Amino acid sequence: MIEVSHLTKRYGSHLAVDDLNFTVENGVVYGFLGPNGAGKSTTMNILTGCLAATSGTVTIDGYDIFENPTEAKRRIGYLPEMPPLYTGMTVREYLTFVARAKGVPSKEQESQLAHVMEVTGTTEVADRLIKNLSKGFRQRVGIAQAILGDPAVVILDEPTVGLDPIQIIEIRELIQDLGKNHTVILSSHILSEVQAVCDQILIINRGKLVACREAQSLEEQFAGEATYKLTVKAAPITAERALRNVPGVQKIEAQEGAEGRCDLTVTVSDLSAETDERLSFAMSDRRIPVLRLEREQASLEDVFLTLTAQAEAEAQTQERRGRRSWFKSGPKKAPEAPAPAADENEKEAEQ
């Protein structure tokens with residue numbers, strides 16, 4: 001659906017996007033992550049045709065965003081971090097205006113408006129002025145304008161900023177629903193949000209791609225061995241014996257607690273969903289009450305911090321190498337000018 005090839009953007013001497021390459025597939029929800037200043041907003045502005053690139057190409061469904069911007073933009077719905085709302089209009093008036101601006105045929109406008117308002121839950125406020133709506137409803141109206149025209153790709157930049165917890169949950173559910181019929185790219189600083197709604201994760205740092213993989217795959221890559229924390233009502237030796245022969249268990253550490261309880265740290269190599277059941281069944285077979293069973297492994301936050309720290313360290317190492325190379329070679333000297341040729345009188349005098 002989207003092909004980004006050797007994308008580069010410079011602002012004077014500042015390199016905001018550095019030879020970026022990635023592919024966005026159909027029908028997938030992507031999380032777009034990176035620390036402040038990583039180049040996320042610049043990349044998204046280029047993808048949507050709002051900003052020109054220094055070099056490289058971006059194609060949307062086969063259409064080059066620079067060579068054929070009209071056709072490429074027809075396939076994109078965009079919600080900036082600050083929704084482009086005309087607050088003096090009602091929701092219906094505003095969406096009608098957007099539909100006309102997007103070139104939605106007149107005979108389809110009413111049905112499309114009804115559809116996007118139903119999908120985004122804004123039907124009940126259709127005739128209210130946007131300026132009188134809550135922040136959550138304004139975000140919904142912003143998403144409604146993004147999906148007008150039934151674009152193949154929906155790009156959302158920080159869609160839950162400033163919302164309360166209930167509104168955040170509602171917008172997340174809306175994004176998940178959008179992912180059933182659209183390719184979605186979600187930029188967010190809230191990692192738990194990306195983890196909750198995204199299938200694939202794109203991480204950039206200093207304008208370079210750091211990772212492009214499934215969220216679960218990234219977590220498992222950095223998790224190594226999974227560790228379970230259990231609290232059971234049994235003596236440590238009894239609890240250890242119950243878990244000793246469970247498939248995948250590599251190490252058991254038991255510590256006696258208060259009131260006949262035992263705290264266990266169990267390291268396993270098997271990351272399948274069946275492991276929880278195996279541990280629970282092993283305890284129930286010995287009639288040992290399980291008071292707590294928690295799995296501890298790398299979260300998306302851990303992965304993000306690890307990857308960006310590694311990328312930052314590599315970038316600093318390259319900068320140091322570049323400085324050392326410059327100091328060793330020194331500034332380039334200008335070539336010496338050739339000696340002026342002697343004129344004919346000087347040649348005769350020498351003879």
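Small disclaimer: the values here were computed from a predicted structure and weren't measured.
Under a hydrophobic clustering in which Ile, Leu, Val, Met, Phe, Trp and Tyr are joined whenever their side-chain heavy atoms come within less than 4.5 Å, directly or via other members, Leu113 and Val119 fall into the same cluster. By the criterion of side-chain heavy atoms lying less than 4.5 angstrom apart, applied directly or through intervening Ile, Leu, Val, Met, Phe, Trp or Tyr residues, Val249 is grouped together with Leu293 in one hydrophobic cluster. Hydrophobic cluster membership is shared by Leu186 and Ile168, with clusters built from Ile, Leu, Val, Met, Phe, Trp and Tyr side chains linked at under 4.5 angstrom. Under the 4.5 Å side-chain heavy-atom criterion for Ile, Leu, Val, Met, Phe, Trp and Tyr, Val24 and Ile147 are members of distinct hydrophobic clusters. One hydrophobic cluster, built from ILVMFWY side chains closer than 4.5 Å, holds both Ile155 and Leu20.
Under a cut-off of 6.0 angstrom, the local environment of NZ in Lys233 is sparse, with at most 12 non-hydrogen atoms contributed by other residues, nucleotides or ligands. The 12-atom threshold is not exceeded at CD of Glu256, counting heavy atoms of other residues, nucleotides or ligands nearer than 6.0 Å. Around CZ of Phe281, the count of heavy atoms belonging to other residues, nucleotides or ligands within 6.0 Å does not exceed 12. Residue Glu71 places its CD atom among more than 12 non-hydrogen atoms of other residues, nucleotides or ligands, all under 6.0 Å distant. Within 6.0 Å of NZ in Lys131 there are 12 or fewer heavy atoms belonging to other residues, nucleotides or ligands.
Among Glu124, Glu170, Glu173, the one residue that satisfies the salt bridge (charged side-chain N to carboxylate O under 4.0 Å, His left out) test with Arg140 is Glu170.
A side-chain donor-acceptor contact under 3.5 Å links Asp263 and Thr231. Glu3 and Thr23 form a side-chain donor-acceptor contact under 3.5 Å, judged by distance and modelled atom types alone. Side-chain polar atoms of Lys73 and Thr48 form no donor-acceptor pair below 3.5 angstrom.
In this structure, CG in Leu174 is found 10.5 Å from CD in Gln139, a value given to the nearest 0.5 Å. Distance check: Leu291 CG to Met283 CE gives 10.5 Å after rounding to the nearest 0.5 Å. In this structure, CD1 in Ile171 is found 6.0 Å from CG in Leu163, a value given to the nearest 0.5 Å. With values rounded to the nearest 0.5 angstrom, Arg128 atom CZ is found 14.0 Å from Arg92 atom CZ. Here Leu47 contributes atom CG and Phe32 contributes atom CZ; the two are 7.0 Å apart, rounded to the nearest 0.5 Å. Expressed to the nearest 0.5 Å, how far CG of Leu230 lies from CD1 of Ile288 amounts to 10.5 Å.
Remark: Arg292 engages Glu294 in a salt bridge, criterion side-chain N to carboxylate O under 4.0 Å.
Residues Leu279 and Val246 have side chains in contact (heavy-atom distance under 4.5 Å, counting atoms from C-beta outward). Residues Gln145 and Tyr78 are not in side-chain contact: their nearest non-hydrogen atoms beyond the backbone lie 4.5 Å or more apart. Looking at Val17 and Thr8, their side chains never come closer than 4.5 Å, going by heavy atoms from C-beta outward. The shortest distance between side-chain heavy atoms of Pro151 and Ile76 does not fall below 4.5 Å. The shortest side-chain heavy-atom distance between Tyr30 and Val184 does not fall under the 4.5 Å cut-off. In this structure, the side chains of Leu133 and Val141 come closer than 4.5 Å at one or more pairs of heavy atoms. Here the side chains of Ile252 and Thr265 are not in contact, with every heavy-atom distance at 4.5 Å or above. Side chains of Leu156 and Ser187 form no contact here, defined as non-hydrogen atoms less than 4.5 Å apart.
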Working for side chain to side chain contact (heavy atoms under 4.5 Å, CB included), residues Arg75 and Met1: CA-CA 10 Å; Arg75 289 153 175 80; Met1 176 52 68; 5.6 Å; no
From CA spacing to verdict: side chain to side chain contact (heavy atoms under 4.5 Å, CB included), Thr96, Gln109: CA-CA 7 Å; Thr96 300; Gln109 286 180 12; 4.2 Å; yes
Criterion side chain to side chain contact (heavy atoms under 4.5 Å, CB included) on Leu178 and Ile143, from CA distance to verdict: CA-CA 10 Å; Leu178 289 177; Ile143 294 174; 3.8 Å; yes
Audit row: Tyr86, Ile130, side chain to side chain contact (heavy atoms under 4.5 Å, CB included) steps and yes/no: CA-CA 7 Å; Tyr86 292 114; Ile130 294 174; 5.6 Å; no
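The side-chain hydrogen bond (donor to acceptor under 3.5 Å, both in side chains) check on Thr43 picks up nothing, with sequence neighbours excluded. Judged as a ring pair (Phe, Tyr, Trp, His ring centres under 6.0 Å), and not counting sequence neighbours, Tyr63 has no contacts. Here Thr183 pairs with nothing under the side-chain hydrogen bond (donor to acceptor under 3.5 Å, both in side chains) rule; sequence neighbours left out.
Between Val194 and Gly31, the closest heavy-atom pair is CG1-CA, 3.9 Å. Between Ile60 and Ala72, the shortest heavy-atom distance links the atoms CG2-O, 3.9 Å.
Taking the ring axis of Tyr11 as reference, the NZ or CZ atom of Lys9 stays within 45° of it and closer than 6.0 Å to the ring centre.
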